[in-house]
Amino acid sequence: MCNVCGCGAGETTIDGKAVEHGHGGHFHVHADGTAHDHDHSHDHDHNHEHAQAKHMHYHLHEDGSSHEHVHDHLHGHDHHHDHAHDHSHSHADGSVHYGLGPAGAHAPGLSQSRMVKIEQDILSKNDSYANDNRAQLAEHGIFALNLVSSPGSGKTTLLVKTIEALNGQLKLAVIEGDQQTDNDAARIRATGAPALQINTGKGCHLDAYMVGKAMTQLQLADDSLLLIENVGNLVCPASFDLGEAHKVAILSVTEGEDKPLKYPDMFRAADLMLLNKCDLLPYLTFDADLAVANARRVNPDIKVIRTSATSGEGMNEWLDWIRAGCKKAVDRKSIDGR
Amino acid sequence: MHEMSLAEGVLQIIEDSAKTQNFSRVKTVWLEIGQLAGVEIEAMKFCFDAVTRDSIAQDAKLEIIATPGQAWCLHCAEVVNVQALYDACPKCGSHQVQVTGGNEMRVKELDVE
């Protein structure tokens, strides 16, 4: 399993417990002295009365025997779920036991619990780093792009061609994100552009903190272009704002036309889609119009440019788009700076 | 997607508020997760259990408040319910819809002591 994103978590177990065991276990001690654990896997809606008053428990005893029983859920479930779970279990064999709390003691009426209102976005930490990055970029008139795609879409080749074409016109720097190796940064450096490799290790995306650190280290020039090549992954990078002006999704024609539908979060988060490797279209059954239509189903506002780093198709339009963005960033800096 | 990072974000929020609100144990955590937030609930529960081990939120129960996906349809000029980001408007079939709700992921409240 990917350690960071939990991809494939469905098949994974920790300490032999399956992922589906959402609730904490209940520990029961029987009158005859035997004990067992069991997990409740029922889900609770928040504002609710318990829809089903009864539910099934399946118990496996230490002696190997097992039994099922149905019992009434009579606990009151107020709005804040003071889950005391004091339901008693009547067993078919006549023994009775009480569900014990995690502390292993039943203490009626004794609780120091209180509710704390939080109301905070889970990604707020990342977002605040992203805002810092964005402010810093704006202050220096830097136009930053976050390039996202699946692995093998031709991002790095396209970047190399882009850098070569802009050579002498724009100052630029590149941040490369990959799990391991600095092969991509080396390819970029070969063009003469400064490049910094971030290895995310087990991580599947760049986050704003990493990018902020890299920005400091790169000592970005004023009025320049910053190209951030994210980890090849169409899932996780969608949620992590890096402070960029735009996310640019790169979809190559050797992939499926339905990729925007399969990974809608990413294509919705992007402002521009580059349909790359278009020089290969004559050899493929790929329906480029369908791919664009699918992207627009997910994101009606997405701009699309058909590109090929090999034939140069669409490169001028892509470069013009970058130049326009850079000009805007510089103009905005001089307005804000006044 | 990235549920492990999200779970770590949740724990960070809990630990930050433990300092300001002065509590030492968390019994229940309520998360508001929109239907369109791209969060796999089962993966989230799994990751939450994993990252809260040996923390003040160890054994805390995770309660998910699911909020429905909602979008503004430009053709109908009204808010409609959508199940996925690429859903068409259920009324007119147009894809000119802007998501307006159901993409939140936030820590709502905590039951602490």
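Within every chain, numbering begins at 1; the chains are lettered A, B, ... in the order of the sequence lines, protein sequences first and strands thereafter.
Interface residue B/Phe23: backbone and side-chain heavy atoms are both found under 4.5 Å from chain A. Using a 4.5 Å cut-off between heavy atoms, B/Leu36 contacts chain A through its backbone alone, with no side-chain atom that close. For a residue to count as touching a neighbouring chain, one of its non-hydrogen atoms must lie under 4.5 Å from one of that chain's; by this rule B/Glu8 does not touch chain A. For A/Phe267, no part lies under 4.5 angstrom from a heavy atom of chain B. Using a 4.5 Å cut-off between heavy atoms, B/Asp16 touches chain A through its side chain atoms alone. Neither the backbone nor the side chain of B/Leu11 comes within contact range of chain A; no heavy atom of the residue lies under 4.5 Å from a heavy atom of that chain. Of the two parts of B/Val97, only the backbone, made up of N, CA, C and O, holds a non-hydrogen atom closer than 4.5 Å to a non-hydrogen atom of chain A.
Within a 6.0 Å radius of OH in A/Tyr209, no more than 12 heavy atoms belonging to other residues, nucleotides or ligands are found.
In terms of heavy-atom pairs under 4.5 angstrom with chain B, the leader among A/Pro264, A/Ser124, A/Pro260 is A/Pro264.
Using a 4.5 Å cut-off between non-hydrogen atoms, the part of residues 291-299 of chain A that approaches chain B consists of A/Arg297, A/Val298.
Note: A/Asn146 CG to A/Asn230 CG = 5.0 Å, rounded to the nearest 0.5 Å.
Between the A/Asn131 side chain and the A/Gly243 main chain, no donor and acceptor come within less than 3.5 Å of each other. Without hydrogens or angle criteria, A/Gln179 side chain to A/Thr200 main chain gives no donor-acceptor distance under 3.5 Å. Here the side chain of A/Asn126 pairs no donor or acceptor atom with the backbone of A/Leu123 at under 3.5 angstrom. At distances below 3.5 Å, at least one donor-acceptor pair connects side-chain atoms of A/Asp207 with backbone N or O atoms of A/Met210.
Taking the six-membered ring for Trp and thresholds of 30 and 60 degrees, A/His205 and A/Phe240 have nearly parallel ring planes, at less than 30 degrees apart.
Taking all atoms of both residues into account, the shortest heavy-atom contact from A/Lys155 to A/Leu147 is CD-O, 3.8 Å.
Among B/Gln35, B/Glu104, B/Glu32, the single residue meeting the side chain to side chain donor-acceptor pair (under 3.5 Å) criterion with B/Thr67 is B/Glu104.
Taking the six-membered ring for Trp, B/His95 and B/Tyr86 have ring centres at least 6.0 Å apart.
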